[in-house]
Amino acid sequence: MARAYDVQAIEQKWQRRWADSGLYEVDLDDPRPVQYVLCMYPYPSGAAHQGHVRNYTFGDLLVRHRTMRGFAVLSPFGFDSFGLPAENAAIRTGEHPRVFTEARIAELKASVQRLGVAVDWRREIRSHDPSYIRFNQVIFLRLLRSGLAYRAEAPVNWCPGCQTVLANEQVLADGTCERSGDPVVQRDLEQWFFRTTAYTDELLEALDGLDWPERVKTMQRNWIGRSEGVEFDLPVVGAGDDVVLRVFTTRPDTSFGMTYAVVAPEHPLVELLTTGAQRAEVEALRTTAAAKSELDRTSEEGTETLAKRGAFTGGYVVNPFNGEQIPVFVADYVLMRYGTGAIMAVPAEDHRDWEFARAHGLPVVRTTKPPEGFDDGAWTGDGVKVNSGFLDGLEVAEAKDRAAAWLEERGIGTRTVNYRLRDWLVSRQRYWGCPIPVVYCPDHGIVGVPEDQLPVLAPDDVEFLPTGESPLARHPGFRHTTCPTCGGPAQRETDTMDTFVDSSWYFLRFCDPADEAEPFSPAAAAHYMPVDEYIGGIEHAILHLLYARFYTRALVDVGLAPGVGREPFLRLFTQGMIRMDGKKMSKSKGNLVSPARYFDSVGADALRLSHLFAGPPADDMDWTEQTDQMIDGCGRFLDRVWRFAVPEGADPHRRREGDPAPDDVALSRATHRLVAKVSDDIERWSFNTAVAACMEFANTLRDYRRAHDQEGVHGPTDAAAVDALLLVLAPMAPHVTAEAWERRHGEGSVLHAQPWPSFDPDLARQERVTLVVQVDGKVRDRIEVDPDISEEDAVKAALASPRVVEELAGAAPRRVVARAPRLVNVVR
RNA sequence: GCCCGAGUGAGGGAACCGGUAGACCUGAUGGCCUCAAAAGCCAUUGCCCGAAAGGGCGUGCGGGUUCGAAUCCCGCCUCGGGCACCA
């Protein structure tokens with residue numbers, strides 16, 4: 001495609017110019033009001049792909065736009081550089097993860113710079129840098145000291161073949177190890193945790209005040225999974241007065257309908273409940289349950305398996321509501337870690353209980369009257385209570401409350417809240433991550449490495465073997481150390497932190513990236529935080545965003561971030577993903593379309609513009625055969641803009657001065673409308689229509705110039721139109737607009753240092769608007785009217801329309817609806 | 001199964017509060033320019049009837065509310081995403 005200007009030379013020139021001028025560098029003493037615009041820092045997987053381009057195009061638009069609006073915009077960039085892919089590559093090729101990772105960072109950084117993104121590169125951080133590791137570890141130790149980090153036994157995925165713990169991602173869907181193919185089992189091992197559950201309620205409640213997509217907030221709410229209910233005791237038959245089975249339910253109103261109870265295989269009362277005759281069956285069930293991972297336990301379905309997954313213990317408990325004895329089953333679908341590890345079963349009002357009761361031939365007693373015509377299955381909806389003693393006749397909500405109060409009065413139950421959210425397991429048996437700075441001393445137990453000895457760095461002289469075991473665990477020099485307290489021989493922790501820890505505070509480090517004394521100065525963090533616009537993929541809706549919210553609170557509470565707000569991200573924008581052939585475009589799917597070829601052909605401006613123009617930023621975008629043509633179209637548009645702004649050779653348009661003629665005023669009005677429209681569209685993230693408005697304006701400008709070919713265009717009006725177009729396009733296609741501006745206004749005039757254009761609302765209003773005249777809701781005429789036309793005059797004009805006169809044929813209209821100046825509807 | 005989100009020309013999309021459906025772009029067709037091509041420029045482009053003027057239909061499907069529905073309500077269908085034994 002032949003272009004109107006030298007794309008490569010101009011883009012290179014301005015990228016250098018922006019970097020050299022420090023236009024986008026901000027400091028604490030900057031007098032301008034602050035904005036913090038941040039794109040989620042990327043895992044460096046190599047050169048940028050289209051997802052990055054889309055992300056950074058949106059972010060850069062905001063950075064440049066807000067800078068022009070007079071803000072000091074903090075726009076940092078960094079790399080989430082620890083992670084599994086580098087270590088897997090090391091195992092495959094023997095190349096050290098650092099070498100591998102830094103090469104990928106160089107590639108990604110080069111392509112981000114080639115995109116022309118405005119970044120304060122002085123603030124670049126990489127999570128594998130020793131300074132970042134150091135403060136990661138400082139924070140860990142502070143959390144440890146305050147009890148927010150702790151070590152405990154937890155069920156983990158264990159591969160017997162590899163003799164190691166696996167991450168969930170390394171367990172295949174069929175429950176086998178991705179490397180050895182052995183079935184993965186659950187094992188209890190000591191692991192490190194962060195106490196996210198200390199903030200459960202706050203994390204849930206504070207969601208209401210966030211300017212985030214409702215979808216993301218809902219996902220977080222579901223993930224936290226708050227459920228209110230009641231815990232109460234069922235006395236165990238024949239086991240003495242104080243032996244009780246405690247159950248949790250959200251439906252205490254259905255208690256009269258419980259016809260059996262179920263306990264988890266690991267439940268401590270299983271031994272006691274199981275009778276001799278049932279022992280073999282119960283033991284068999286417990287053994288298979290223990291061998292299964294939770295994934296297995298939760299993936300089976302159907303009545304047949306339900307029958308096999310539960311066994312009668314032979315024991316009975318008493319329903320305190322009606323004194324009836326009910327059998328106790330053990331089943332693997334009841335989870336020990338949730339609630340009390342035991343449930344009451346009400347088959348009439350719970351789907352799973354219904355299925356289980358059918359499989360085991362257990363009775364069903366309805367306690368909520370189902371609606372007419374509903375006769376089969378569990379009814380979980382509202383209704384009037386029946387068969388429920390003192391609850392009879394009440395509605396479900398009221399009955400829940402009464403039943404709970406009844407239990408509390410008798411001292412056999414309490415209202416409780418259960419959550420799905422668990423503490424965050426942060427230890428990884430991995431090399432390429434931040435070492436956990438802890439030592440195990442035979443005499444002093446867990447001892448944190450003193451802060452002045454940080455960072456604890458992983459040694460480089462390790463072997464990467466395909467055993468699945470971390471090289472750190474096999475490195476005697478790293479492993480054997482001395483106790484910081486007593487100096488005696490001790491063992492170093494060889495686990496590293498989950499990489500989500502790194503990404504949970506990098507936005508704070510960006511505020512003060514060179515600080516050698518502390519993770520960040522609280523004053524600097526308070527100055528820039530919270531992030532005003534956080535932009536990234538929807539795939540981070542739960543984990544990263546929840547962890548970062550937790551971590552920010554924890555940092556405030558342990559005293560590292562006084563004065564910083566508890567919510568890190570004021571506004572969140574989740575861009576849609578790019579799909580190709582119906583699949584997400586990603587490296588692992590092998591369907592990447594590299595931005596590099598567009599940089600080399602149409603240039604960064606055209607590629608950026610096409611991402612903005614393709615559709616709403618939040619929507620998914622399909623990359624098809626037509627996408628290339630669309631990108632070319634954006635290049636053609638930029639060529640037109642260039643030719644408008646920088647005429648080649650002699651200016652083909654004669655220019656006149658003096659008073660503007662009506663046509664000139666019309667162009668001036670269109671210019672004000674353009675500025676108004678683009679300003680508004682950018683505020684509401686409607687970038688695609690902002691681009692469309694620019695294209696429409698270019699058509700208007702073309703028509704104006706063509707119409708005045710003979711007598712000449714009005715110089716000042718024409719120049720103002722072109723300048724306005726360059727200014728509003730400046731955040732979208734920064735290079736070509738910057739060059740065109742400089743050629744028009746002379747060396748030293750920097751487009752992106754100009755203030756964002758203002759507009760006159762009076763001029764931006766349409767001079768004439770189209771009044772639509774309908775008869776019975778069908779369009780019959782269009783009349784050009786003054787935008788201030790009164791309703792009365794609008795009706796008068798409509799009724800005078802020949803088309804309306806014809807339709808009415810002399811009859812009086814039954815009704816006339818007027819919405820001046822847009823519409824009059826004549827109803828016959 | 002439950003909870004979200006989305007369905008508009010040949011394609012991407014626009015219509016922000018219920019008021020001209022299809023802005024803008026891509027593609028396609030025809031034309032101008034050219035020795036030719038590229039680039040550029042011009043015109044047409046939802047479907048049907050009609051020579052035209054004009055008319056009818058049309059926003060996944062079926063109903064409803066309204067003077068008026070892509071937009072609101074009810075019931076379906078399809079696609080995408082999240083959660084998925086959480087008691």
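Residue numbering restarts at 1 for every chain, and letters A, B, ... go by the order of the sequence lines. Worth knowing before you read on, the calculation uses all heavy atoms, side chains too, and leaves out hydrogens, waters and symmetry mates.
In the set A15(B), A87(B), C25(B), the nucleotide with an atom closest to the side chain of M630(A) is C25(B). Candidate nucleotides C86(B), A23(B), G80(B) were compared by shortest atom distance to the side chain of E696(A), and A23(B) ranks first. Minimum atom distance to the side chain of R337(A) is reached by C86(B), of the listed G27(B), C86(B), C42(B). Residue N688(A) has its side chain nearest to G13(B) when only A87(B), G13(B), C24(B) are considered. Between A87(B), C25(B), C67(B), one nucleotide has an atom nearer to the side chain of R819(A) than all others, and that is C67(B). The nucleotide whose nearest atom lies closest to any side-chain atom of R706(A) is, among C41(B), A87(B), G82(B), C41(B). Here the side chain of W223(A) is nearest to one of G13(B), C83(B), U20(B), namely C83(B). Relative to the side chain of R684(A), the nucleotides C16(B), C67(B), C3(B) differ in distance, and C16(B) lies closest. Listed nucleotides A14(B), A84(B), C67(B) differ in distance to P616(A); the shortest reach to its side chain belongs to A14(B).
Across all strands shown, nothing is found opposite A39(B) as a Watson-Crick or G-U wobble partner with both distances under 3.5 Å. When both distances must be under 3.5 Å, the Watson-Crick or G-U wobble mate of C83(B) is G1(B). U59(B) is unpaired under the criterion used here, namely a Watson-Crick or G-U wobble arrangement in which both key atom distances are under 3.5 Å. Using Watson-Crick or G-U wobble geometry with both donor-acceptor distances under 3.5 Å, C33(B) finds no partner in any strand shown. The partner of U45(B), taking Watson-Crick or G-U wobble pairs whose two distances both stay under 3.5 Å, is G27(B). The partner of G7(B), taking Watson-Crick or G-U wobble pairs whose two distances both stay under 3.5 Å, is C77(B).
Contact check on E266(A) versus R337(A) returns no salt bridge, with no Lys/Arg side-chain nitrogen under 4.0 Å from an Asp/Glu carboxylate oxygen. Between D680(A) and K677(A) there is no salt bridge, since no side-chain N of the basic residue sits under 4.0 Å from a carboxylate O of the acidic one.
Q626(A) comes within 4.0 angstrom of a nucleotide base, judged by non-hydrogen atoms across all strands. Among the heavy atoms of the strands, none lies under 4.0 Å from S686(A). Nucleic acid contact for V772(A): base, since at least one base atom lies under 4.0 Å from a heavy atom of the residue. Contact annotation for Q774(A): base contact, defined as any heavy-atom pair under 4.0 Å involving a base atom. When heavy atoms are screened at a 4.0 angstrom cut-off, R814(A) is found touching no nucleic acid atom at all. Residue contacts shown for R803(A) are limited to sugar-phosphate atoms, with no base heavy atom under 4.0 Å away. Within 4.0 Å of T250(A), counting heavy atoms only, lie sugar-phosphate atoms of the nucleic acid but no base atom.
R705(A) places its CZ atom 16 Å from the C1' atom of C41(B), with the value rounded to the nearest Å. Atom CD in E784(A) sits roughly 11 Å away from atom C1' in U20(B) (whole-Å rounding). A straight line from CG of N699(A) to C1' of C24(B) spans 8 Å, rounded to a whole angstrom. Taking atom CZ on R780(A) and atom C1' on A53(B), their separation rounds to 14 Å, with Å as the unit. Across the protein-nucleic acid pair, H351(A) atom NE2 and G1(B) atom P stand 11 Å apart, rounded to whole Å. The nearest whole Å value for the distance from the CZ atom in R215(A) to the C1' atom in A6(B) is 10 Å. Look at CG on D639(A): it is 14 Å from C1' on C41(B), rounded to the nearest Å. As a whole-Å value, the separation of F613(A) CZ from U26(B) C1' is 9 Å.
Under 4.0 angstrom from either OP1 or OP2 of C41(B) there lies no side-chain N or O belonging to R702(A). Considering only side-chain N and O atoms, K677(A) lies nowhere under 4.0 angstrom from the phosphate OP1 or OP2 of C24(B). In this structure, R221(A) does not reach the G82(B) phosphate: none of its side-chain N or O atoms is under 4.0 Å from OP1 or OP2. For G27(B), one of the phosphate oxygens OP1 or OP2 lies less than 4.0 angstrom from a side-chain nitrogen or oxygen of R636(A). The phosphate of C67(B) (OP1 or OP2) has a side-chain N or O of R815(A) nearer than 4.0 angstrom. Neither OP1 nor OP2 of G19(B) sits under 4.0 Å from any side-chain N or O of N825(A).
Residue V827(A) is the one, among V827(A) and F248(A), whose nearest nucleotide of RNA chain B lies closer to the 5' end (criterion: closest heavy atom). Nearest-nucleotide assignment on RNA chain B puts the 5′-proximal partner with G777(A), out of I542(A) and G777(A).
R54(A) places a side-chain N or O within donor-acceptor distance of the main-chain N or O of G576(A), the cut-off being under 3.5 Å.
Taking atom P on both nucleotides, G18(B) is separated from C73(B) by 10 Å, rounded to a whole Å. Nucleotides U59(B) and A70(B) are separated by 7 Å at their P atoms, to the nearest Å. Of the P atoms belonging to U20(B) and G27(B), the separation is 30 Å, rounded to the nearest Å. The same atom, C1', is picked in G31(B) and in A51(B); the two are 23 Å apart, to the nearest Å. Taking atom P on both nucleotides, U45(B) is separated from A53(B) by 12 Å, rounded to a whole Å. Rounded to whole Å, the separation between the C1' atoms of G7(B) and A14(B) comes to 16 Å. Atom name C1', nucleotides G11(B) and G63(B): the rounded distance is 32 Å, in whole Å. Taking atom P in both A28(B) and C79(B), one finds a spacing of 31 Å when rounded to whole Å.
Because its glycosidic torsion is more than 90° from 0, C25(B) is reported here as anti. Glycosidic conformation of G9(B): syn, with the torsion inside 90° of 0.
More than 12 heavy atoms of other residues, nucleotides or ligands sit less than 6.0 Å from atom CZ of R705(A). Within 6.0 Å of the CZ atom in R215(A), the count of heavy atoms belonging to other residues, nucleotides or ligands does not exceed 12. Crowding of E792(A) atom CD: a count of heavy atoms from other residues, nucleotides or ligands under 6.0 Å not exceeding 12.
Judged purely by distance below 3.5 Å, without hydrogens or angles, the side chains of N418(A) and S227(A) never pair a donor atom with an acceptor atom. A donor and an acceptor atom, one from each side chain of E784(A) and T770(A), are located under 3.5 Å apart.
Test H351(A), R358(A), R352(A) against E355(A) for side-chain hydrogen bond (donor to acceptor under 3.5 Å, both in side chains) and you get one pass: R358(A).
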Q: Show your reasoning for whether ring pair (Phe, Tyr, Trp, His ring centres under 6.0 Å) applies to Y333(A) and F356(A).
A: CA-CA 11 Å; Y333(A) 71 79; F356(A) 191 86; 5.7 Å; yes

